[in-house]
Amino acid sequence: MREHICIRNPEYVAGTNSKPEVGVFTQARKNQRPSPWGKISEGETVWMKWSGGPVVAKAKVSGYRQIMNCTASQLKSAVAGFALHDLDDYWSSLSNEFNALVIYLDNEEWLASPIDLVGRSYGSSWVVLPDSDSVKRWMTESKAPEKVVKDPRGLRTARPKLRFEVFRRDSYKCQYCGRAAPEYPLHVDHILPWSKGGETVIKNLVTACSECNLGKSNRPA
Ligand SMILES: [Zn+2]
């Protein structure tokens with residue numbers, strides 16, 4: 001059966017500790033039909049992948065709409081009730097008229113452990129896996145060994161899988177002020193700063209919005 005991989009910035013794959021709450025994905029292209037136009041059906045699986053990071057969640061297609069010569073306000077009304085509806089940055093990034101695909105999701109769930117894929121998406125935001133062979137080829141975990149880090153604190157910057165664990169534990173909310181994704185981009189902050197010996201491990205990491213992350217720079221815990 002056909003499956004899909006949707007690639008998004010981490011803050012667009014937000015939710016609570018118990019489940020993702022994405023609800024809808026849109027694809028828009030000027031003068032072209034965006035992928036997966038004509039290649040999507042209800043009940044198909046959509047894997048949610050971070051751009052430059054692992055697959056962290058999956059869902060089923062509960063419905064979709066293909067809209068030719070769509071306007072931003074038309075598309076906006078098609079996603080009423082979802083977080084995307086209130087993302088001003090997204091709406092202002094759209095051109096006047098485009099072809100749009102709206103993909104509604106249900107049965108959203110986090111993966112027990114995120115998967116680093118072998119395959120590369122080369123900048124595309126949607127990959128159609130037409131059959132079980134291509135699903136198997138794409139959804140294979142990369143066996144590339146993680147680099148050995150000699151520093152006892154670990155890497156200064158948390159790897160994507162660890163960032164995901166922190167975001168999920170914190171339900172995609174800044175733990176200082178409560179701002180939440182997808183409206184606010186989130187960062188992973190060291191509680192005891194790395195520069196003061198703080199380790200890059202989950203118990204020393206916390207979700208922070210840009211403002212709190214910058215404001216807190218190297219402040220002792
Ligand atoms: Zn904050």
Side-chain angles (χ1 to χ4, degrees), residues 6-26 28 46-59 72 75-76 79-94 105 108-116 123 125 146 149 151-221:
C6 179
I7 299 122
R8 289 290 184 269
N9 289 331
E11 63 264 27
Y12 289 107
V13 190
T16 65
N17 182 271
S18 55
K19 68 184 199 72
E21 290 179 350
V22 177
V24 70
F25 282 125
T26 55
V46 178
W47 301 93
M48 305 182 202
K49 182 187 177 307
W50 282 11
S51 51
V55 175
V56 298
K58 64 175 177 175
L75 187 57
K76 202 172 174 181
V79 302
F82 296 104
L84 181 61
H85 185 267
D86 301 321
L87 287 183
D88 297 336
D89 286 354
Y90 176 68
W91 301 109
S92 56
S93 76
L94 293 171
L105 306 168
E108 292 182 61
E109 41 182 289
W110 297 122
L111 301 189
S113 56
I115 306 170
D116 279 316
S125 56
E146 293 208 336
V149 182
D151 195 304
R153 297 167 295 182
L155 287 177
R156 180 167 198 145
T157 308
R159 289 194 172 99
K161 279 186 182 179
L162 181 55
R163 288 170 58 209
F164 167 71
E165 296 303 333
V166 174
F167 290 162
R168 179 178 172 184
R169 181 200 61 198
D170 297 339
S171 290
Y172 280 78
K173 273 200 179 83
C174 173
Q175 297 300 293
Y176 301 110
C177 73
R179 286 187 180 117
E183 204 174 350
Y184 294 94
L186 299 175
H187 305 265
V188 164
D189 189 24
H190 285 76
I191 298 167
L192 176 64
W194 198 81
S195 60
K196 294 188 164 61
E199 294 173 49
T200 305
V201 292
I202 191 154
K203 65 177 198 295
N204 190 42
L205 298 172
V206 72
T207 302
C209 71
S210 306
E211 218 168 282
C212 293
N213 187 48
L214 292 172
K216 183 182 170 289
S217 177
N218 284 3
R219 188 184 77 196

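Counting starts at 1 for both ligands and their atoms, following the listed order. FYI, side chains are in, hydrogens and waters are out, and symmetry mates aren't considered; it's all heavy atoms of this structure. Please read all numbers here as calculations on a predicted model, not as lab measurements.
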(message) For a side-chain hydrogen bond (donor to acceptor under 3.5 Å, both in side chains) check, start with the C-alpha distance between Thr26 and Tyr90, then their side-chain angles and the critical distance, and finish with the verdict.
(response) CA-CA 10 Å; Thr26 55; Tyr90 176 68; 2.7 Å; yes
(message) To check you understand the geometry: which heavy-atom pair defines the closest contact between Gly53 and Pro160, and what is its length?
(response) CA-CB, 4.2 Å
(request) Ignoring hydrogens and angles, state whether a donor on the side chain of Ser171 or Asn17 is under 3.5 Å from an acceptor on the partner side chain. (result) no
(request) Could you list the residues that satisfy ring pair (Phe, Tyr, Trp, His ring centres under 6.0 Å) with Trp110, not counting sequence neighbours? (result) Phe164, Tyr172
(message) Does any part of the side chain of Ile202, heavy atoms only, come nearer than 4.5 Å to the side chain of Arg169, both counted from C-beta?
(response) yes
(message) Name the residue from His190, Arg159, Arg153 that meets the side chain to side chain donor-acceptor pair (under 3.5 Å) definition with Thr200.
(response) His190
(message) Closer than 2.8 Å to the Zn ion (ligand 1), what protein N/O/S atoms do you find?
(response) Cys174 SG, Cys177 SG, Cys209 SG, Cys212 SG
